[in-house]
Amino acid sequence: MHASFHLAAELDAALVAAAAAAGLPDHAAFSPEVRTADPRHGDFQANGVLAFAKARKLNPRSVAEQLVGAIPAPVRDRFDLAIAGPGFINFTLTPGALLGWLQAHASVASLRAGAAAAHAGQTWVVDYSSPNTAKQMHVGHLRSAVIGEAICRLLAFTGARVIRDNHLGDWGTQFGKLIYGYKRWADPAALAADAIEELERLYKLGNNATPDGSPELEEARRELVRLQQGDPENVALWRTFSEVSLAAFERIYERLGIRFDHNLGESFYNDKVDRVYRELEDTGIAVVSDGALVVFHPEHPRFKTQPFLVRKADGASNYASTDLATALYRTEHFQAHGIVYVTDFRQADHFEQLFLTVKKWFAARGYRVPELHHVTFGAVTGEDGKALKTRSGDVIRLKALLDEAVDRAYALVSAKSAELPEAERRAIAAVVGVGAVQYADLVQNRSSNYVFSWDKMLALDGNTAPYLLYAVARIHSIFRGAGVSPGDPAVEAAATPPDTPGEIALARKLAKFPDAVRLATESLRPHYLGLYLFELAGDYSSFYAADKVLVDDPAIRARRLLLCARTLLLLQTGLELLGLRTLTRM
RNA sequence: GCGGUGGUAGCUCAGCUGGACAGAGCAACGGUUUUCUAAACCGUCGGUCGCGAGUUCGAGUCUCGCCCACCGCGCCA
């Protein structure tokens, strides 16, 4: 049976064709707007008829009737069609069509092939995590890393070549203070034991010892100048700071399933900012103001007076300089079609100015202008509602958060599954604990702030990773009991169409996976996929409670095993897209 | 002052870019296991969608005004 991957897209195309076939006036302007529907009404719904008819003073219901009458047979055969309300067209998959869709999409490769059209042939650079070196990662660093990685995986799944770039904060005035502190108070034993902890201590000492206007601050500045001029001792120190920091970051990234292609920090662009200054001045985009090189955007209500400061009055670069150089490098060297920046909302102005400047600059020089997206997210705040800041004293270390999550998961798995050997319980706890932290960040719409709370971030029931992982584990358990592998072709060929309410609800949910992926990717909001997976796991759990899989009737058994196999495939694929690992037992 | 984001059930949050009676988790209360993993399932309770106007066949969603919270706005990143 014919079974396109993305059913909503197929219906959209069918309605456009039907509008032409029915000879609707002005049909080229008709946009069906097919989307997933409330299950009470159907699987998909065309909303565009109302607006189209209304604008042309036509009767919406009669337009809908003409469209329905002109829908081609291959579509009509697979959906129950209904016109409802003022002029919605509802499409409900028939049981046979559900079976066809499930049988047709049996592997990750098949899903990927169906989804890959969205970004085929494109290269996307994702700039995420990007911590400052010589500092521990704390809970405030979690969101960028977790959301960024999910976006990378979604883009790759939908066909893009993805370049993961960790734009480290490895350059700037803070290194003068750190070197100042290091040269006076470094403790070799502490460095050997926990280098980054010691560097953080030394930075604090250096920072406290160099108040504004003090001779000590002048000395710290001289250390920075020496570093920038290539003084061997300071360069060697700086290099050590970076290596030590990166090694510590890698241990966190490994636990979160993140592997960067590049760690091109700010220092990498040191020798690339002069070209930025030159081209911005040559094109007249930047001007000198109060000694600094700045960009104004006269067409913008605010940025016509609020400057984008690309070079400081003392001639030094800042993050605007390096971000401009970075955008150019990504466009020229990586041939990026799109660049995604995953940082918190406080940098919204910066990126808006950056994007405006890049577009003008690239257009003036004839460079291709990539798509530029700032993926913002809210801050993680303390109980006082204020953002957690690196310098505000006792911030919670990311490592400590993950450790605590794993500890709590271990206690739970030991209580629930005491019969499992300890090593396996440890392994399960690592997946469940870290997954719970990742999922907690991914299931929430990223734009709102939230107050940090151990209990919230480490919750293990409700809409959380363990709920999804548990559904996966139960499916594996069924296949162990059945003695067949998920996706066994002989079993699936014997399947009959879904029949019970539980089977049908689950099958209908499965067929909407493409919409969830599309929505999450287009909007760069992974929580849409997270919510879908939660609903899918819920439908599976209801089905599981209502309909026993391993029954004697071979046809019923086969179709339920098909549903189990496909739920497993989509849950595993979806969780992997979010950056989570899965389990076969828990 | 200008601008950004947010304000939805007791708590934490969704709400697919304007669609059908506003949803979920937690909490509270009640029920389900001699049957594939009860980390589950089923049910009950619970909302002036911050406030007020407006646009629309239709508004939690768009426009305007106001209130509250957090944040940004020239040499930190």
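Residue numbering restarts at 1 for every chain, and letters A, B, ... go by the order of the sequence lines. Since this is a predicted model, take the numbers as computed values, not measurements.
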*Contact class for D455(A) (heavy atom, under 4.0 Å): base, sugar-phosphate, or nothing?*
nothing
*Can you find a side-chain donor-acceptor pair between Y528(A) and D515(A) that sits under 3.5 Å?*
no
*What nucleic acid atoms does H350(A) come within less than 4.0 Å of, heavy atoms only: base, sugar-phosphate, or nothing?*
nothing
*Go ahead and name the base partner of C16(B); Watson-Crick or wobble counts if both distances stay under 3.5 Å, otherwise write none.*
none
_Check this for me: does the side-chain of Q45(A) come within 3.5 Å of the base of A20(B) through a donor and an acceptor?_
yes
*Is there a donor on the side chain of Y319(A) or the base of A77(B) sitting less than 3.5 Å from an acceptor on the other?*
yes
_Length of the line joining D344(A):CG and A77(B):P, which is rounded to integer Å_ = 16 Å
*Please confirm whether R311(A) makes a cation-pi placement over Y277(A), using NZ or CZ under 6.0 Å from the six-membered ring centre and within 45° of the ring normal.*
yes
*Closest to the P466(A) side chain: C13(B), A38(B), A39(B)?*
A39(B)
*What is the distance, rounded to the nearest whole Å, between atom NZ of K304(A) and atom P of G74(B)?*
17 Å
*Using the P atoms only, state how far G15(B) lies from U8(B), rounded to an integer number of Å.*
14 Å
*Does K416(A) place a side-chain N or O at less than 4.0 Å from the phosphate oxygens OP1/OP2 of A39(B)?*
yes
*Check every strand shown and say whether L309(A) touches a base, only sugar-phosphate, or nothing at a heavy-atom separation below 4.0 Å.*
base
_Could you report the tightest heavy-atom contact between F534(A) and G462(A), atom names first, then the distance?_
CE1-O, 4.0 Å
*Under 6.0 Å between the ring centres of Y319(A) and H167(A)?*
no
*Quantified in whole Å, what is the P atom distance between nucleotide G23(B) and nucleotide G46(B)?*
15 Å
*Can a side chain N or O of R35(A) be found less than 4.0 Å away from OP1 or OP2 on G19(B)?*
yes
*Sort out the partner of C64(B) for me: Watson-Crick or G-U wobble, both distances under 3.5 Å, none otherwise.*
G52(B)
_Base, sugar-phosphate or nothing for A459(A)? Non-hydrogen atoms, less than 4.0 Å._
nothing
*Answer with base, sugar-phosphate or nothing: what part of the nucleic acid does S289(A) contact at a heavy-atom distance below 4.0 Å?*
base
*Output yes when at least one side-chain N/O atom of K54(A) is less than 4.0 Å from OP1 or OP2 of G58(B), else no.*
no
*Pick one: which of K509(A), K512(A), R508(A) meets salt bridge (Lys or Arg N to Asp or Glu O under 4.0 Å) with E535(A)?*
K509(A)
*Using purine N1 to pyrimidine N3 plus N6-O4 or O6-N4 for Watson-Crick, or N1-O2 and O6-N3 for G-U wobble, both under 3.5 Å, which nucleotide pairs with G1(B)?*
C73(B)
*asked:* Can you measure Y528(A) atom OH to G15(B) atom P for me and round it to whole angstrom units?
replied: 5 Å
_Residue matched to C29(B) through Watson-Crick or wobble contacts both under 3.5 angstrom_ = G43(B)
*For the side-chain hydrogen bond (donor to acceptor under 3.5 Å, both in side chains) test, which of Q347(A), H297(A), H374(A), H300(A) pairs with E352(A)?*
H300(A)
*Begin with the C-alpha distance, continue with both residues' side-chain angles, and end with the deciding distance and a verdict on side chain to side chain donor-acceptor pair (under 3.5 Å) for S485(A) and D488(A).*
CA-CA 6 Å; S485(A) 302; D488(A) 183 282; 5.7 Å; no
*Between L7(A) (CG) and C16(B) (C1'), how many Å, whole number?*
17 Å
_Taking A27(B) as the reference, what is the distance to G65(B) when you measure between their C1' atoms (whole Å, please)?_
38 Å
*Heavy atoms only: give me the nearest A325(A)-K272(A) pair and the separation to one decimal.*
CB-O, 3.8 Å
*For residues Y470(A) and Y467(A), establish whether the separation of their ring centroids is below 6.0 Å.*
no
*Pairwise C1' distance for A22(B) and C16(B), with rounding to whole Å*: 15 Å
*Which base, if any, makes a Watson-Crick or G-U wobble pair with U37(B), both distances under 3.5 Å?*
none
*Nearest-nucleotide 5' precedence on RNA chain B, A84(A) against A292(A)*: A84(A)
Which protein N or O atoms sit under 3.5 Å from an N or O of nucleotides 23-25 of chain B?
none

Sub-3.5 Å pairs of nitrogen or oxygen atoms, protein against nucleotides 41-45 of chain B:
from   : atom 1 : to      : atom 2 : distance (Å)
C41(B) : OP1    : Y467(A) : OH     : 2.4
C41(B) : O3'    : S542(A) : OG     : 3.4
C42(B) : OP1    : S542(A) : OG     : 2.8

